[in-house]
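Shown next, in structure tokens, is the structure this report addresses.
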Protein chains: 2
Amino acid sequence: MSNQNMSVPALRRLPLYYRCVIALKEEGKKFISCTDIGSRLELVPIQVRKDLQAAGATGRPKVGYEVDELETVLKEMLGYGKPTDAFIVGMGNLGQALTAHKEFERCGLEIVAAFDTSPLKIGRDYFGKRVFPLNKLVNLAQRMNIKMGIITTPAKSAQDIADIMVEAGIKGIWNFTPVHLNVPDDVYVHNENFMSSLSVLINRIS
Amino acid sequence: MSNQNMSVPALRRLPLYYRCVIALKEEGKKFISCTDIGSRLELVPIQVRKDLQAAGATGRPKVGYEVDELETVLKEMLGYGKPTDAFIVGMGNLGQALTAHKEFERCGLEIVAAFDTSPLKIGRDYFGKRVFPLNKLVNLAQRMNIKMGIITTPAKSAQDIADIMVEAGIKGIWNFTPVHLNVPDDVYVHNENFMSSLSVLINRIS
DNA sequence: TAGATTGTTAATCGATTAACAATC
DNA sequence: TAGATTGTTAATCGATTAACAATC
């Protein structure tokens, strides 16, 4: 169902549109145009139109897009309706922060279990999520049919964790470490590399 | 000094190259080629070469790049030598996690103060950083000549905080909320939008 | 020498933007 | 009707990749 041929940049903009649609809906709007969305997000209307088209939304000339319908189409494309279950490995500060993040559940992601190697953390609950020892990951992932993994460990463990995730049948890895992960072709890695973001910010400031 | 005309994608790859150079240096290498770096990062050598060229590095045909020199050039371009001071606003779980993040100091960023509105947090220290009340931000930023701000507040406060940062003379904002920020043209915003990353991951898994 | 590698110019590719007819 | 807006095809732009001479 989910369109695999949407480009990454377009896909990344959809959640912004979704937020916008929700906001405009709350203002009582029934129909909205690409210009409405674009002006809020500082994007040119044609780009919004192209993206909505790729997402499968249809509007009416002169009228715009029906708000409720657009909300449904975007929600469907983004997978907000049926959240994806995920495991998180590494319950340091960042792991805890992501586990605590309430917005994920409304946005298609459900962190169902956490993993760590520290005996101080194993068996504890963080924000309602139980921490398991790492050696339980493969078995649990297979039994629960987990397809997404989040890595928030120290950099030096990242590749080992990725290997374990691959063995467990995980198909999408959200990597918060600055390490490049080697995985098979059928596993998608998204690198949330804070150092990359910093480079751009520091460069643009000076 | 820092080259403003490097493209964002290239700039984002530099920290990966830097890590790679450090790793190869520790393996005892004196000279490295684009092929060495590319094979570690699964990038084609020509892309590495173009990026290094844009960063100002020069190599020698057949020999490659001198490791120490490459390290110096990248460090300079990335601003790792003289860390940029930054303020962080919003000391929830994510704010705390970023404040605790030790790697930042080695990578050009020094978080020098935190801000929050909660009386429970103001006056406390988190990982050695003092939390100040929000109304002290403008004055402190101007006195300390702060040019970078990090926003880790709830979404609904994000625009207000951005306005305060702009008033304070901050020129680069690292926005961890899913909100689009309206700022003047001379202020650069980098959005670390977790929802955008999630869209891609969820789409690629299914 | 032969072969690997850089530097540099040209070609390709994909995303963004423009143009414009169709529509309500 | 006139004007705003969508849908769609074409043009532009910028990043990536290819080609190849120069070099050690």
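Note on naming: letters A, B, ... go to the chains in the order of the sequence lines (proteins, then strands), and numbering restarts at 1 for each one.
Look at CZ on A/F31: it is 19 Å from P on D/dA4, rounded to the nearest Å. What separates CG of A/L52 from C1' of D/dT5 is a distance of 13 Å, to the nearest Å. Going from atom CD1 of B/I32 over to atom P of C/dT6 covers 10 Å, rounded to whole Å. The CD atom of A/E69 sits 13 Å away from the C1' atom of D/dT6 (whole-angstrom rounding). Distance, B/Y65 OH to C/dT5 P: 12 Å, rounded to whole Å. In this structure, the CZ atom of A/R12 is 12 Å from the P atom of C/dT16, given to the nearest Å. Rounded to a whole Å, the CE atom of A/M6 is 11 Å from the P atom of C/dA15. For A/L43 and C/dA15, the CG to P distance is 16 Å, given to the nearest whole Å.
Of the candidate nucleotides D/dT8, D/dG3, D/dA19, D/dT8 has the atom lying nearest to any side-chain atom of A/I46. In the set C/dA15, C/dT17, C/dT5, the nucleotide with an atom closest to the side chain of A/V44 is C/dT17. Of the candidates D/dG7, D/dA19, D/dT16, the closest approach to any side-chain atom of B/R49 belongs to D/dA19. Ranking C/dC24, D/dG7, D/dT17 by closeness to the B/K50 side chain, first place goes to D/dT17. Nearest to the side chain of A/S33, among D/dT6, D/dA22, D/dA19, sits D/dT6. Taking only side-chain atoms of A/K62, from C-beta outward, the nucleotide of D/dT17, D/dA4, D/dC24 with the closest atom is D/dA4.
Shown here, C/dA21 forms a base pair with D/dT6; the pair counts as Watson-Crick or G-U wobble because both key distances fall under 3.5 Å. Partner assigned to C/dG14 is D/dC13, using Watson-Crick or G-U wobble distances below 3.5 angstrom.
Side-chain contact check for B/D116 and B/S118: no donor-acceptor pair (N or O, by modelled atom type) lies under 3.5 Å. A donor-acceptor contact under 3.5 angstrom links the side chains of B/D163 and B/Q159, judged on distance only.
Between the side chain of B/K129 and the backbone N or O of B/I111, at least one donor-acceptor pair lies under 3.5 Å.
Crowding of B/K29 atom NZ: a count of heavy atoms from other residues, nucleotides or ligands under 6.0 Å exceeding 12. For B/K30, the NZ atom is loosely surrounded, since the number of other residues' heavy atoms within 6.0 Å does not exceed 12.
Looking at heavy-atom distances under 4.0 Å, A/R60 makes contact with sugar-phosphate atoms alone, never a base.
Map B/A57 and A/D51 each onto its nearest nucleotide of DNA chain C; the residue landing nearer the 5' end is B/A57.
In this model, the phosphate group of D/dT8 is approached by a side-chain N or O of A/Q53 to a distance below 4.0 Å at OP1 or OP2.
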